[in-house]
Amino acid sequence: MTLTRDEAWTHLCSWTKTEALRKHARAVELVMRAAAGRYGAGEADVERFGIAGMLHDADYEAWPAEHPQRIVAWLRERGEPEIAHAISAHYTKWNVPYESALDKTLLACDEITGFIGACCHVREGGIMTLEPKSVIKKLKDKAFAAKVERAEVQAGVELLGIDLAEHIAFVIAALRPHAEELGLLGRANVARE
């Protein structure tokens with residue numbers, strides 16, 4: 001890899017101005033870094049998985065109608081075709097084939113990470129008390145975090161051949177150490193932030 005994490009973050013921030021979308025990028029980056037050990041080649045994949053997670057929505061705020069074409073082109077220009085392909089495939093309706101563990105993992109981690117964040121915001125204890133069964137219950141409530149596409153969550157776990165509850169537990173565990181940075185401490189802490 002030639003692209004560094006710092007270069008990727010600088011680029012993300014140049015295109016993404018809202019704190020909410022930057023936090024989502026950071027959350028997916030953290031989950032993907034953890035996922036490199038579980039679904040990828042371990043330490044050798046950490047940077048690549050993390051940068052894919054960070055940049056997957058980098059062009060969404062500035063150019064929503066062109067998403068993800070701008071960030072995919074930018075990555076290809078910088079010699080990062082694997083990350084570019086994973087980002088081009090992180091939504092099933094784009095009909096891009098899933099060729100690698102990176103492609104499948106990004107799909108499996110994106111929507112569920114955002115959904116878990118939404119669950120944290122309505123809980124007193126945020127992510128510190130969040131359990132997979134609560135997330136699964138909220139997934140069944142179509143009115144809760146309605147923009148999160150449940151079919152994408154399901155497609156991701158099916159592609160990886162994993163259990164939904166186990167994957168949710170994995171994502172929660174990856175996010176917990178970063179709860180304060182990501183604003184996932186819950187309702188009780190919102191007034192203090």
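The figures here come from the full heavy-atom set of this structure, side chains too, leaving out hydrogens, waters and symmetry mates.
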Once rounded to the nearest 0.5 Å, what's the spacing between atom CG of Leu30 and atom CG of Leu182? 6.0 Å

Does the Arg123 side chain pair with the main chain of His121, one donor and one acceptor, at a distance under 3.5 Å? no

Are the side chain of His178 and the backbone of Leu175 linked by a donor-acceptor contact shorter than 3.5 Å? no

Are Tyr60 and Ile112 in one and the same hydrophobic cluster, where Ile, Leu, Val, Met, Phe, Trp and Tyr link if side-chain heavy atoms are under 4.5 Å apart? no

Start with the C-alpha gap between Phe115 and Val153, add the side-chain angles, then the distance that decides, and say whether side chain to side chain contact (heavy atoms under 4.5 Å, CB included) holds. CA-CA 9 Å; Phe115 191 81; Val153 172; 5.5 Å; no

Hey, does the side chain of Arg150 reach the backbone of Lys140 with a donor-acceptor pair shorter than 3.5 angstrom? no

Start with the C-alpha distance between Lys104 and Glu99, add both sets of side-chain angles, then the distance that settles salt bridge (charged side-chain N to carboxylate O under 4.0 Å, His left out), and finish with yes or no. CA-CA 8 Å; Lys104 296 171 188 176; Glu99 299 170 348; over 6 Å; no

From Leu164 CG over to Ile168 CD1, what is the distance, rounded to the nearest 0.5 angstrom? 4.0 Å

Where the side chain of Asp45 meets the backbone of Gly40, is there a donor-acceptor pair that is under 3.5 Å apart? no

One thing to verify: whether Glu29 and Arg5 come together as a salt bridge, which I'm taking to mean a side-chain N less than 4.0 angstrom from a carboxylate O. yes

Given 3.5 Å as the limit, does a donor-acceptor pair link the side chain of His90 with the main chain of Cys109, or not? no

Crowded around Glu77 CD? As in, over 12 foreign heavy atoms under 6.0 Å? yes

Point-to-point distance, once rounded to the nearest 0.5 Å, from NZ of Lys138 to CD1 of Ile116: 14.0 Å

Among Thr113, Asp110, Thr16, which residue meets the side chain to side chain donor-acceptor pair (under 3.5 Å) test with His24? Asp110

Given a cutoff of under 4.5 Å between side-chain heavy atoms of I, L, V, M, F, W and Y, with clusters grown through shared members, what are the other residues clustered with Leu75? Met1, Leu3, Trp9, Leu12, Trp15, Val28, Met32, Phe49, Ile51, Met54, Leu55, Trp63, Ile71, Val72, Trp74, Ile83, Ile87, Leu102, Leu106

Side chains of Glu61 and Thr18: is there a donor and an acceptor less than 3.5 Å apart? yes

Any donor-acceptor N/O pair, Glu47 side chain to Thr4 backbone, under 3.5 Å: no

Listed by chain and number, what are the ring-ring contact (aromatic ring centres under 6.0 Å, His included) partners of His85, not counting sequence neighbours? none

Does Arg22 reach the main-chain N or O of Cys13 with its side chain, forming a donor-acceptor pair under 3.5 Å? yes

For Thr105 and Ala101, indicate whether the former's side chain and the latter's backbone hold a donor-acceptor pair under 3.5 Å. yes

Nearest 0.5 Å, what's the OG1-CD distance between Thr92 and Gln154? 11.5 Å

